[in-house]
Amino acid sequence: MRKLAYLAIACTTVITACGAEAPQPSPQPTAEPPLAATAPPRPNLPNWKEEMPLPFPFPEGAFAPVDAFVQAQQLGRGVNFGNMLEAPKEGEWGLVVREEYFPLVRQAGFDTVRVPIRWSAHALRQPPYTIAPEFFQRIDWVIENALQNDLNVVINMHHYEELFKDLEGERERFLVLWDQIATRYRNLPPEVLFEPLNEPHGALDNESWEELFRQVLAVIRRTNPHRNVIFTGADMGTLNGLLQAKRPNDDPHLIATFHYYLPFAFTHQGAEWVEGSSAWLGTTWRGNGTQRANVDYDMDRAVRWGKQNNMPVWMGEFGAYSKADLDSRVAWTNYVARAAEARGLTWAYWEFGSGFGVYDPISLQWNEPILNVLIQKQEATGR
Ligand code: GLC
C-alpha cells in the first residue's frame, strides 16, 4: 500500500515535470492511424492482459504527442545501460541496474538512457506468452527511476535469439510480447520510447524484417497511437542495414536508428564474442585523414537517408571496446560524436559500465577521458 502511494506521488511529479518541459507538439490526428488495419488479429489467447495490473496510475488520455523530429533532438546525448537487463538473467554479466546510476548519468549530462532488455527470457514459451510479473515490475522500476531523473528512456527488445533463428516459429510470440509491453506502458509519458528489436539479423533479412516491423508497429499502435517508435534496418542494425531499408510506412511517429562500430577491427578488437577479434589487438585510431573521411562519409550517408525518407535519425549505439588503447578510444569517440552532432544526429554511447564502459562500477569512477569527449561540459545540454 505504501509502495502504491509512493508510486502515485512519484508519477504525478513526473507528469508535472514532463508537462512543464514538453515542447509544443505539432498537431496530431486524434483517430488511430489507418495503418492499424494492417495489424494481425490478436491471437485468440486466454485473458492474459487482464491478469496484469498496470504499474503507473497515469490517467487515460494524458499522453501529449511529441513530434518525432523534436523528440529525436531531445534524445540528445544518451548512454546504453548495456550488459544488465539483456543478460539471460540480470547480474549474470556482472552488472545490475542500481538506483544511483540514474542521477549519476543525469548529473554527468546525459539526456537519455537506452535500456537493452531480453524480454524473451522472461516470458512463457507457450501461449499466452505471459511476461513474468516480477520482471515487468523490475522494468517498471527502471522506467520510473529514469523519468524521475528527467531522462528519456528507450525500452528495447534485445537478444531475442530464438526469433533470429526461427521467424515463423516466433512471430506470434514476438508480437504478443510487444502487445503486453505496449499495453502496460501505454499511459506513460512520451519520454518513454519503444524500440521493437535490437539488431535484426539471421532469419530477418531486409524484406522479412520490414514486414515484421510493420506488424509489430501495428500492434503497438493499438494502444500507443502517437508514441515515437524506433525503426532500424536489418543487417545487425548497421548503417548498411539502414541504407538498404526504406521508411516502413507513413506513420509520422518513427525515429530511425543505426549502430556505428566502424572500423569494426578497431572497435571490436579482442571482443570475446567476436570470433577472430584477438588478431585485431593493437589496432589504433588516431584520426588520420582517411579515418576521419570515412566517418564523415558514413555520417553524411546516414543524414542523406534520413532526408530521403523524411525521418529523424538517432545513432543508438557506438563505442570502442576497452581492449583498444585509451587514446585511440577517446579520439574515435570524440570524432564520431562530433561528426554526428555537426549533422544534427543525436546518439547513445555503448555502454555505461561494462567492457566499453564510460563508468567503472567497481571503483565508482567515471572514465573521465571518455566522459569528457561524450559530454563536453562547456556546452551544457540544458534539455
Ligand atoms: C550489440 C550487441 C551487444 C554487444 C554490442 C557491441 O548491441 O547486441 O551484445 O555488446 O552490440 O558489440
Side-chain angles (χ1 to χ4, degrees), residues 75 78-97 112-122 153-165 170 174 193-204 209 230-242 255-281 283 285 298 302 314-324 328-329 332-333 336-337 340 347-361 367 370 374:
L75 293 180
V79 62
N80 278 275
F81 274 6
N83 285 27
M84 304 180 199
L85 291 154
E86 87 279 25
K89 264 203 194 132
E90 186 182 3
E92 267 184 27
W93 289 354
L95 213 55
V96 297
V97 186
T112 298
V113 286
R114 177 174 180 263
V115 187
I117 303 171
R118 194 187 293 238
W119 294 98
S120 55
H122 302 276
V153 53
V154 178
I155 295 300
N156 90 352
M157 187 172 286
H158 215 94
H159 289 318
Y160 192 160
E161 308 299 347
E162 306 93 318
L163 177 68
F164 300 137
K165 292 198 186 97
E170 299 292 328
F174 171 71
L193 293 89
F194 297 153
E195 181 174 342
L197 191 63
N198 181 66
E199 300 190 349
H201 64 277
L204 290 163
W209 163 237
I230 310 288
F231 170 72
T232 181
D235 191 25
M236 300 290 294
T238 54
L239 177 58
N240 270 337
L242 187 64
I255 296 173
T257 194
F258 69 100
H259 294 173
Y260 195 71
Y261 290 107
L262 300 178
F264 198 67
F266 164 65
T267 65
H268 277 68
Q269 56 189 286
E272 295 74 9
W273 63 99
V274 179
E275 210 180 311
S277 67
S278 56
W280 305 333
L281 285 166
T283 309
W285 197 96
D298 287 341
W314 174 59
M315 185 165 63
E317 285 186 19
F318 75 109
Y321 196 45
S322 49
K323 298 257 169 98
S328 291
R329 290 175 68 204
W332 181 87
T333 304
V336 173
W347 49 256
Y349 181 71
W350 183 271
E351 29 66 20
F352 175 69
S354 195
F356 294 66
V358 59
Y359 181 78
D360 180 346
N367 183 328
I370 303 261
L374 287 173

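Just follow the structure's listing: the first ligand is 1, and inside any ligand the first atom is 1.
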Could you label the plane-to-plane angle of the Phe81 and Phe352 rings as parallel, tilted or perpendicular, counting under 30° as parallel and over 60° as perpendicular? tilted

Ligand 1-proximal atoms of Glu199, by part, heavy-atom distance under 4.0 Å: side chain

For His159, take its heavy atoms, then give the atoms of ligand 1 lying under 4.0 Å from any of them. 8 (O), 9 (O)

Is there side-chain contact between Leu163 and Met157, with heavy atoms separated by less than 4.5 Å? no

According to salt bridge (charged side-chain N to carboxylate O under 4.0 Å, His left out), does anything in residues 78-87 pair up with another residue at least two apart or in another chain? List the pairs. none

For ligand 1, which atoms have a heavy atom of Trp273 less than 4.0 angstrom away? 10 (O), 12 (O)

Protein heavy atom at shortest distance from atom 4 (C) of ligand 1: Trp350 CZ2, 4.0 Å

Is the ring centre of Trp93 less than 6.0 Å from the ring centre of His159? yes

Report, in ascending order of atom number, the atoms of ligand 1 lying under 4.0 Å from any heavy atom of Tyr261. 5 (C), 6 (C), 11 (O)

Proximity to ligand 1 by part of His158, non-hydrogen separation under 4.0 Å: side chain

Answer whether the closest heavy-atom distance between the side chains of His268 and Phe356 falls below 4.5 Å. yes

Could you tell me which atoms of ligand 1, counted from 1 in the order shown, lie closer than 4.0 angstrom to a heavy atom of His268? 6 (C), 12 (O)

Which protein heavy atom lies closest to atom 11 (O) of ligand 1, and at what distance to 0.1 Å? Glu317 OE1, 3.3 Å

If we number the atoms of ligand 1 from 1 as shown, the ones under 4.0 Å from a heavy atom of Asn198 are 7 (O), 8 (O)

Side chains of Val115 and Val97: does their closest heavy-atom pair fall under 4.5 Å? no

Test applied, ring pair (Phe, Tyr, Trp, His ring centres under 6.0 Å); reference residue, Phe318; option that passes from Phe264, Tyr260, Phe258, Tyr349: Tyr349

